[in-house]
2 protein chains.
Amino acid sequence: MSVEEKQKPQRNDRVTIRTVAAHAGVSVAAVSKVMRNAYGVSDALRARVMDAIEALAYRPSRAARGLRGRSFTIGVLLIDIRNPFLPEVIAGVNGVLAPSHYQAMIGVSDARVQLETSLIESMIDYKMDGLILVAPRLPSEILAKFAVQIPIVAVGYHDANATAFDTINADDQRGAEIAVEALLACGYRDIEMLSLGERQGHAVSVVRQREIGFRRAMQRGGLGSSPAIGKIPIASPKREEAMRKFLSRKDRPRAVFCWSDLDAITLLSLAMEMGVRVPEDLAVIGYDNSSTAALGLVNLASIDQSGRELGQIATRTLISRIEGRTAAEHIFQIPSLVSRNSLIRSGNSKNTR
Amino acid sequence: MSVEEKQKPQRNDRVTIRTVAAHAGVSVAAVSKVMRNAYGVSDALRARVMDAIEALAYRPSRAARGLRGRSFTIGVLLIDIRNPFLPEVIAGVNGVLAPSHYQAMIGVSDARVQLETSLIESMIDYKMDGLILVAPRLPSEILAKFAVQIPIVAVGYHDANATAFDTINADDQRGAEIAVEALLACGYRDIEMLSLGERQGHAVSVVRQREIGFRRAMQRGGLGSSPAIGKIPIASPKREEAMRKFLSRKDRPRAVFCWSDLDAITLLSLAMEMGVRVPEDLAVIGYDNSSTAALGLVNLASIDQSGRELGQIATRTLISRIEGRTAAEHIFQIPSLVSRNSLIRSGNSKNTR
DNA sequence: GACGAGTTGTAGAACGTTCTCCATATAACG
DNA sequence: CGTTATATGGAGAACGTTCTACAACTCGTC
């Protein structure tokens, strides 16, 4: 009687691990072992279970998995989805994950610390197996605190002293240096950097790193002890305003290095509107080598840091940490310059290749 | 003795609902009630529990929630993260969700049906509360099958007969008509459309809808019974090749309507390289009114469908479905034209505002 | 033929919630 | 005072996995 009643409550149609076990005539634990390919299953048993899984189209519940063990999901946190650099990183992550049984879930923080925190917490609450944070805003101590709860890899976050989490970066200081060196090689001496407005980013941010590299290269080139760095606000009306002001300055420099293609492209656009010729009146180098920069219409010279590659490396690093590594890793990629017409015109006005 | 032992196993540091209950001196069920603000809690109890939650910084485990009830998460599935239209939709979704206790998790399918399916299944397995699918590739029957398991809203998917899920669309047929009408109004008669290569998209896709609108408007304008629609491959080497071929055609039309800004902008770029003047030799209208189109450098006329608004509406619609609505809703937004220099030059070459 | 060492399978207790009853206390009413 | 309604709190069974013990069996080996 009571046994009868125990069998019955199969009311719902969801195929669970129990359904599979019954169908294969084995225990629940056996099925679980096969799923996780754990130690101690004979080939015969494995085959029988696999058949049942196939036949019933069984999918383990991620929610239930998360409750007890791992969820085979990794979380990716993006600061901002508009910057074309970020999609590249995602592409890299997905590329590495595709053949594995892991999957990526993405959260977008819109650069708001509050939202960033709550998304990280949510991902932890989902028992995700690890996190890739792209250019997080949170200070290192907080990240370290999260890192004891979940494996973390930070991309675009310069803290080579972090012991609790890994960092994957392009060498942003070097990238800025390369830009300055290229401008110097073209004969420019009158160089400024356009960086991101005050509030944004702390010392570990890519922006600040690029400023450091810029200063160093300028000093090394003998161009003064405190080279000029302009700040461009991030939000839209003030942003264009600041750029116009820069462009119409009497003492406008002959060359400018922008912290991001995003700004460089808008600058190019405004320059055209205001009749400032590029590169004759103003040479421009951007950062990220986004697809828009490569357009013949835009033709913006830019520092290339392969976002895709960064994403791939970050993913591999995270997986190795999930699988047990505890010593922190800090990886650097060396960026390179892609020269285009905004730096030096190549013969006619056509795109070089 | 046995009571003692029951208290002890607090080995781990995670704050669970039990910790809160103990701290507040109430039952687990009471805390749960407060969390879900369910019926049957006095103000006094609520206050006490809230204090405990505050004091312990308690966060309910989403994994555990998912196992039993709802997870307060909605899944967003993007076909492709590179198209600048998608980030807008996300912004809309996040905007609506921010003040609520829901959160969005995003998956990227890279337009691969296989991956799309497995991401949807994963989201179901996570017991997410609902799904927003943006321009899904899956056929309607499959979507309907998923929709019995989880509330679904599809954006950019034209199936007004679907009964199992909701659809939110800009009226893509109308958008294409508007483009054609604008070209006609400018005096052009020699008009073609550049659409997306064969394989991509079925009848319900936005691309096909735009083709239908294009044809209708052309016929209505008295321009032949089967107006020309060129197909541009999506992948990179062939894509540019096809555009160059179009641009160098002897019988190239005087005006072209592109299914997406993505293609229109590349076309503009190649036109410049090949010495085809825009709009004198060729007028171009794109679709999506992306931020790149608005750049002075690009100055591409485009059909505007507010992705942000679409995202907002989709989210509200989904929530109403989660909360019990069962009748399907199919919502249409009317797009509009943003005229720029690629359609008709405004006085000097500067950007209009 | 008894005894360790492997190997293969199973029982059943977690994991942290939700949610359906139930029990109790209080109020309302004749 | 009973009796009935209503409001409030609690016990405890799910939910679908993982994973630790442990049982059962097969081999050598002395």
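Proteins come first, then strands; the chains are lettered A, B, ... in the order of their sequence lines, and each starts at number 1.
Near DNA chain D, defined here as any heavy-atom distance below 4.0 Å, there are no residues from residues 118-130 of chain B. Taking every heavy atom of residues 47-61 of chain A and every atom of DNA chain C, no pair lies under 4.0 Å.
R325(B) and S320(B) are linked by a side-chain donor-acceptor pair at a separation below 3.5 angstrom, with hydrogens and angles left out of the test.
Contact of the L97(B) side chain with the I319(B) side chain is registered, since non-hydrogen atoms from C-beta on lie closer than 4.5 Å. Looking only at side-chain heavy atoms (C-beta outward), N169(B) and Q333(B) stay at 4.5 Å or farther from each other. Residues L143(A) and F165(A) form a side-chain contact, since some pair of their non-hydrogen atoms from C-beta on lies under 4.5 Å apart. In this structure the side chain of M105(B) reaches within 4.5 angstrom of the side chain of M123(A), judged on heavy atoms. A heavy-atom distance below 4.5 Å is not found between the side chains of T73(B) and D129(B). Between L86(A) and N83(A), the closest side-chain pair of non-hydrogen atoms falls below 4.5 Å.
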Side-chain donor/acceptor pairs under 3.5 Å, residues 41-54 of chain B, sequence neighbours excluded:
from, atom 1, to, atom 2, distance (Å)
S42(B), OG, L45(B), N, 3.2
R48(B), NH1, A24(B), O, 3.2

Considering only distance and modelled atom types, tabulate donor-acceptor pairs under 3.5 Å from the side chains of residues 150-162 of chain B, sequence neighbours left out.
from, atom 1, to, atom 2, distance (Å)
Y157(B), OH, L138(B), O, 2.7
Y157(B), OH, S140(B), N, 3.0
H158(B), NE2, D172(B), OD2, 2.7
D159(B), OD1, N161(B), N, 3.2
D159(B), OD1, A162(B), N, 3.4
D159(B), OD2, S140(B), OG, 2.3

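Within the nucleic acid shown, R36(A) comes within 4.0 Å of at least one base atom, counting heavy atoms only. Nucleic acid contact class of R62(B) (heavy atoms, under 4.0 Å, all strands): none. Backbone-only contact: T16(B) has heavy atoms under 4.0 Å from sugar-phosphate atoms and none from a base. Counting non-hydrogen atoms under 4.0 angstrom, R70(B) reaches nothing in the nucleic acid.
Among residue pairs with one or both ends in residues 102-125 of chain B, those qualifying as ring pair (Phe, Tyr, Trp, His ring centres under 6.0 Å) are F72(B)-Y102(B); sequence neighbours excluded. Here ring pair (Phe, Tyr, Trp, His ring centres under 6.0 Å) pairs that include residues 26-52 of chain A, with residues two or more places apart or in two chains, number zero. Among pairs with a residue in residues 105-136 of chain A, those fulfilling ring pair (Phe, Tyr, Trp, His ring centres under 6.0 Å) read Y126(A)-Y126(B), at least two apart in sequence or across chains. Within the structure, side chain to side chain donor-acceptor pair (under 3.5 Å) pairs that include any residue of residues 106-120 of chain B comprise Q103(A)-S118(B) (at least two apart or interchain).
Partners of D125(A) under the salt bridge (charged side-chain N to carboxylate O under 4.0 Å, His left out) rule, at least two apart in sequence or in another chain, are R14(B), R59(B).
Residue R62(A) comes nearest to S71(A) through the heavy atom pair NE-O, 3.5 Å, listed as atom of the first residue, atom of the second, then distance. Annotation for R308(B) and A91(B): closest pair NH2-CB, 3.8 Å, computed over non-hydrogen atoms.
The phosphate of dT18(C) (OP1 or OP2) has a side-chain N or O of S32(B) nearer than 4.0 angstrom. For dG16(D), the OP1/OP2 oxygens have no side-chain nitrogen or oxygen of R18(A) closer than 4.0 Å.
Distance I17(A) CD1 to dG12(C) C1': 14 Å, rounded to the nearest Å. When the P atom of dA14(C) is taken as reference, atom CZ of R68(B) falls 19 Å away, rounded to whole Å. For L67(B) and dA14(C), the CG to P distance is 17 Å, given to the nearest whole Å. Going from atom CZ of F72(A) over to atom P of dT17(D) covers 13 Å, rounded to whole Å.
Each end of the helix from dG1(C)-dC30(D) to dG30(C)-dC1(D) gets its own axis from five base pairs, and the two axes differ in direction by 50°, given to 10 degrees.
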*asked:* So if I define the base as every atom that isn't primed, P, OP1 or OP2, how would nucleotides 4-12 of chain D read as a B/S/- string at a heavy-atom cutoff under 4.0 Å?
replied: ---SBBBB-
Table of protein N/O atoms under 3.5 Å from nucleotides 26-28 of chain C N/O atoms:
none

